[in-house]
Amino acid sequence: MNLLAIDTARHEGSIALLCGGAVVGEASLGKGPGFGETLFQAIERLLAERSVALRDLDCYAAATGPGSFTGIRVGLVAAKALAETNRKPLVGVSNLRALASMARGAGVRVPVLDARRGGLFAGFYAADGEAIRPDSYCQWTELQPELESLGATLVCNEQDLFEGDGALAAAGDAARQAAPAALAAAVARVAAGDVAAGRACKPEEVEANYIRRPNARLPSQPQPARR
């Protein structure tokens, strides 16, 4: 199986190509915003380097968040467009699930990502990669008791969360594992497992994993025009 994975949901964008069950190429898109300006050129280069054409791809995968509202849309819309155009299935992968898949050893993994303003996006995953509960938004004070009761390990690729006034600065000696910033390769591997399990979807069935709504919202009532 040949699969292309796209992740533009967070600060570090990346793409990855999986062929025959192994990731054979990965490319960084650098730091966002602006992924939309470089994404398709990066895809063309990666496929050309591996002598793979779009028609050779059997499936597409996209990181669905949580993350930047705009970033999530860029990657998801691109993956949907490619899948629809080439009549291929699509797999959506939570960034937290991809992060959890990179942990080593047995036991419960708790992937965490910065949700800004002192908050965290967190998930609870078993060693086999299956979610124990839905991804959610929380504070460290809410997460810590559950982490301790389960003997779980934090998995994070944002070291600054543990520093200064970061959301995990109070985590102290809590068990944790660091992961790479780029997640596209992990997204590709998780997606390949979903395809093998018959969980690939039609492009229109894949939705973003925002967890909470973006800060910018329309007013609930019409506002008078300002003079």
Side-chain angles (χ1 to χ4, degrees), residues 1-32 34-65 67 71-72 74-105 109 111 113 125 127-130 155-158 177-203 206 209:
M1 179 183 64
N2 298 330
L3 180 149
L4 177 70
I6 300 171
D7 174 25
T8 59
R10 305 289 300 177
H11 315 296
E12 187 85 19
S14 57
I15 56 175
L17 178 64
L18 180 145
C19 296
V23 174
V24 298
E26 185 176 17
S28 172
L29 301 175
K31 296 188 179 297
F35 293 131
E37 300 173 6
T38 60
L39 177 58
F40 285 100
Q41 295 92 325
I43 291 173
E44 289 179 2
R45 285 195 301 271
L46 180 59
L47 295 181
E49 288 170 0
R50 299 297 171 177
S51 300
V52 175
L54 285 174
R55 64 177 176 273
D56 299 324
L57 296 174
D58 301 301
C59 186
Y60 294 85
T64 58
I72 293 170
V74 167
L76 192 53
V77 168
K80 284 188 174 189
L82 288 167
E84 288 174 356
T85 300
N86 295 283
R87 299 182 180 180
K88 301 296 182 180
L90 176 64
V91 177
V93 177
S94 160
N95 285 69
L96 290 167
R97 185 181 175 202
L99 193 56
S101 74
M102 303 175 82
R104 304 174 301 280
R109 297 98 179 267
L113 293 167
Y125 289 83
D128 63 2
E130 294 301 314
V155 187
C156 186
N157 64 352
E158 298 172 329
Q177 293 185 25
L183 290 180
V187 170
R189 295 186 188 99
V190 170
D194 280 354
V195 173
R199 293 199 288 256
C201 302
K202 295 179 180 178
V206 179
N209 179 32

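What's counted below: heavy atoms across the whole structure, side chains too, no hydrogens, waters or symmetry copies. In this chain, residues are counted from 1 in sequence order.
With sequence neighbours excluded, the residues satisfying side chain to side chain donor-acceptor pair (under 3.5 Å) with R10 are E158. In this view, N157 satisfies the side chain to side chain donor-acceptor pair (under 3.5 Å) rule with no residue, not counting sequence neighbours. Applying the side-chain contact (heavy atoms from CB on, under 4.5 Å) rule to R199 yields the partners R97, E130, D194, A197; only residues at least two apart in sequence or on another chain are considered. Legend: residues meeting side chain to side chain donor-acceptor pair (under 3.5 Å) with D58, ordered by chain and number and at least two apart, are absent. Applying the side-chain contact (heavy atoms from CB on, under 4.5 Å) test to K31 and every residue at least two apart in sequence or in another chain returns E12.
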Which atom pairs, donor and acceptor, lie under 3.5 Å between side-chain atoms of residues 181-193 and protein residues at least two apart or in another chain?
none

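Of all non-hydrogen atoms in G30 and F35, the two that sit nearest each other are O-CE2, 3.3 Å. The nearest pair of heavy atoms linking A200 to V91 is CA-CG2, 3.9 Å. Contact detail for V24 and C19: the closest heavy-atom pair is CG2-SG, 3.8 Å. Summarising the geometry of A179 relative to L99, their closest heavy-atom pair is CB-CD1, 3.6 Å, with the distance given to 0.1 Å. In plain terms, the two heavy atoms of I72 and G65 that are nearest each other are CD1-CA, 3.7 Å. Contact between A127 and R109 at its shortest, heavy atoms only, is CA-NE, 3.6 Å.
Counting only distance, with no hydrogens or angles, the side chain of N209 and the backbone of S94 share no donor-acceptor pair below 3.5 Å. A donor-acceptor pair under 3.5 Å is formed between the side chain of Q177 and the backbone N or O of R104. Of the possible donor and acceptor atoms, one in the side chain of K80 sits under 3.5 Å from a partner among the backbone N and O of V206.
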Exercise for the section: Might you work through the side-chain contact (heavy atoms from CB on, under 4.5 Å) test for L57 and N86, ending with a clear yes or no? Expected result: CA-CA 9 Å; L57 296 174; N86 295 283; over 6 Å; no
Exercise for the section: Please report the C-alpha distance between L82 and I43 in whole Å, then the side-chain angles of each, then the deciding distance to 0.1 Å, and finally whether the side-chain contact (heavy atoms from CB on, under 4.5 Å) criterion is met. Expected result: CA-CA 11 Å; L82 288 167; I43 291 173; 4.1 Å; yes
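Separating the CG atom in L96 from the SG atom in C156 is a distance of 10.0 Å, to the nearest 0.5 Å. A distance of 13.0 Å separates CG of L4 from CZ of R50, quoted to the nearest 0.5 Å. Rounded to the nearest 0.5 angstrom, D7 CG and N95 CG are separated by 5.0 Å. Expressed to the nearest 0.5 Å, how far OG of S101 lies from CG of D128 amounts to 12.0 Å. Within the model, atoms CD of E26 and CD1 of I15 stand 9.0 Å from one another, a figure rounded to the nearest 0.5 Å. One finds the CG atom of L90 at 7.5 Å from the SG atom of C201 (value rounded to the nearest 0.5 Å).
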